[in-house]
2 protein chains.
Amino acid sequence: MCQRYTLDPIGNHARVQQLRVSGFMTKVTSIHPAGTAEPNRSERKHKAILDAATEVFLQNGYLGTNMDDIAARSAVSKQTVYKHFESKEALFVEIVTSMVSVAGDRVHSQIPEFQGSEDLAEYLSNYAYQQLIVVLTPRLMQLRRLVIGEVSRFPELAKVLYERGPKRAMMALAANFAVFAERGLLEIEDPAIAASHFNWLVMAEPVNQVMLLGDGAIPKLDALRRHAEQGVSVFMAAYGRK
Amino acid sequence: MCQRYTLDPIGNHARVQQLRVSGFMTKVTSIHPAGTAEPNRSERKHKAILDAATEVFLQNGYLGTNMDDIAARSAVSKQTVYKHFESKEALFVEIVTSMVSVAGDRVHSQIPEFQGSEDLAEYLSNYAYQQLIVVLTPRLMQLRRLVIGEVSRFPELAKVLYERGPKRAMMALAANFAVFAERGLLEIEDPAIAASHFNWLVMAEPVNQVMLLGDGAIPKLDALRRHAEQGVSVFMAAYGRK
DNA sequence: CACATAGTACTGGACAGTCTAGTTTGATTC
DNA sequence: GAATCAAACTAGACTGTCCAGTACTATGTG
């Protein structure tokens, strides 16, 4: 009764899209004096559509969004929208997967390196604080709400978000913890479990609040700082050297 | 552009509904031999509609649900649906608020009493285990997804879920912790923070997984038991008597 | 010229909510 | 037990609106 979409990277959509995209690429993007790419008209429109659609999907959800609105907001005719994206579904999937990847990379790249000399608790505190700042943005929280609300219609998208989001973060963390344990800085039996404990001591409370109470509930920086420190102190009590 | 609904317990909807309900009540519900209430036709239909609508809303979301489907599934004419509920919106709000309340009460009533004699860690472990079992059900996880997905359309519903769910649980927990601290069983500065740490050490990882990976990711009982113990052991390391 | 785009009308289908005409239920009364 | 009556109900047609996706013509643009 209610369609269930799956990501289908070698299926019809992707193939058709591929053909269209290669069409794009025949015109070589000219290079701007400053060195930045000077997007031609088609590329500008493409981006305008993506930007507008992102906004609308995040705000209204998949079903709550209509293509006429996207066309109007991107100042483009509806026909042009369909020239660039095969369907509403394809547009949605592309936007969400792309946002998830970008966000996942940003979270990942934000990880500071541990300088052997500093205090471990302080390092972890900064780490936690950075993660909180990157994750607790309206954009990311809206994305999370959107994907969670569409789990039954787009289960693959949620899986991707899980893997490029919390799972990836916790695996990176676990790898770090394993090193710290090796060096005798932490006492850890299972680095994966310790990573989960760390991650959720830090993230769970504010993320849960913002998910339900809205972006207005995003805490201020000093509150995040304190929150990070409190979480880390519990973590250190359990996993620090006795 | 996109309607935003608010809960309006003394507004038009409620008043109209009240009139209709009093009509119901003129006919006194007859008493079954066994002592259970024998619902008359109207009450049976009312419940059938609620049950069907619950199923469909949880599965397909608010916009993904249509009233014809609800009528068909409850084996009732569409007119009857509108006799019992003023609108799709009213039906949705009633279902969600009612589920949230029922679930909140169930979680709350599941709290065991601490017998002074037993081991505190063991008690907390059982406590955590019970909460996990009650919360990690398909129904509750679907409800959570539904409400989160509708935050921008129905912000009040999400607020209610937050308050009757995690907030209430953590406040009960904090009250308990304050007593334990008083008795010298735990070392706690701020019971609310300790409660948040406890709650999320236990709940965050599985809830997050199930929210994104679907109800198939609900862990088995023995895994929940282990998970509860691991969370509690971290908690005790931080807040137990040194 | 070739191709992308604008603008706009159109198709086909879905859906919330209403309307109507007739039927069922169950309590009351004779 | 039969007649009566009001409220609840069914079935399905109907309205008005919304919307994904298409068609077509005219207008830029490289």
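We name chains A, B, ... by the order of the sequence lines, and we start the count at 1 in each one.
- Regarding A:F85, its CZ atom lies at a distance of 11 Å from the P atom of C:dT5, rounded to whole Å.
- Atoms CG and CD1, from A:L221 and A:I133 in turn, are 5.0 Å apart once rounded to the nearest 0.5 Å.
- The distance from atom CG of B:L224 to atom CD of B:Q130, rounded to the nearest 0.5 Å, is 11.0 Å.
- A donor-acceptor contact shorter than 3.5 Å links the side chain of B:R153 to the backbone of A:N60.
- Rounded to an integer number of Å, the gap from NZ of A:K83 to C1' of D:dT22 is 12 Å.
- Within the nucleic acid shown, A:A75 comes within 4.0 Å of sugar-phosphate atoms alone, with no base atom in reach, counting heavy atoms only.
- Between B:T80 and the phosphate of D:dT10, there is a side-chain N or O to OP1/OP2 separation shorter than 4.0 Å.
- One finds a side-chain N or O of A:H84 lying less than 4.0 angstrom from the OP1 or OP2 phosphate oxygen of C:dT5.
- Whole-Å rounding puts the A:D69 CG to D:dT17 C1' distance at 16 Å.
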Under 3.5 Å, N/O pairs linking protein and nucleotides 15-20 of chain C:
{"from": "C:dC15", "atom 1": "OP2", "to": "B:N66", "atom 2": "ND2", "distance (Å)": "3.4"}
{"from": "C:dA16", "atom 1": "OP1", "to": "B:T65", "atom 2": "O", "distance (Å)": "3.0"}
{"from": "C:dA16", "atom 1": "OP1", "to": "B:K88", "atom 2": "NZ", "distance (Å)": "3.0"}
{"from": "C:dA16", "atom 1": "OP2", "to": "B:M67", "atom 2": "N", "distance (Å)": "2.7"}
{"from": "C:dG17", "atom 1": "OP2", "to": "B:Y82", "atom 2": "OH", "distance (Å)": "3.0"}
{"from": "C:dG17", "atom 1": "OP2", "to": "B:K88", "atom 2": "N", "distance (Å)": "3.0"}
{"from": "C:dG17", "atom 1": "N7", "to": "B:K78", "atom 2": "NZ", "distance (Å)": "2.6"}
{"from": "C:dG17", "atom 1": "O6", "to": "B:K78", "atom 2": "NZ", "distance (Å)": "2.9"}
{"from": "C:dC19", "atom 1": "N4", "to": "B:Q79", "atom 2": "NE2", "distance (Å)": "2.1"}

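- With A:K88 contributing its side chain and A:Y62 its backbone, the two residues share a donor-acceptor pair below 3.5 Å.
- Atom CD1 of A:I70 and atom P of D:dG21 are 11 Å apart (whole Å).
- When the side-chain nitrogen and oxygen atoms of B:K45 are compared with OP1 and OP2 of D:dT10, one or more of them lie within a distance under 4.0 Å.
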With ring pair (Phe, Tyr, Trp, His ring centres under 6.0 Å) as the criterion, how do A:H46 and A:F85 come out once you've worked through the C-alpha distance, each side chain's angles and the decisive distance to 0.1 Å?
CA-CA 9 Å; A:H46 192 85; A:F85 301 95; 4.8 Å; yes
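- Going from atom CG of B:N60 over to atom C1' of C:dA14 covers 14 Å, rounded to whole Å.
- The closest donor-acceptor contact from the side chain of A:R145 to the backbone of A:M211 lies under 3.5 Å.
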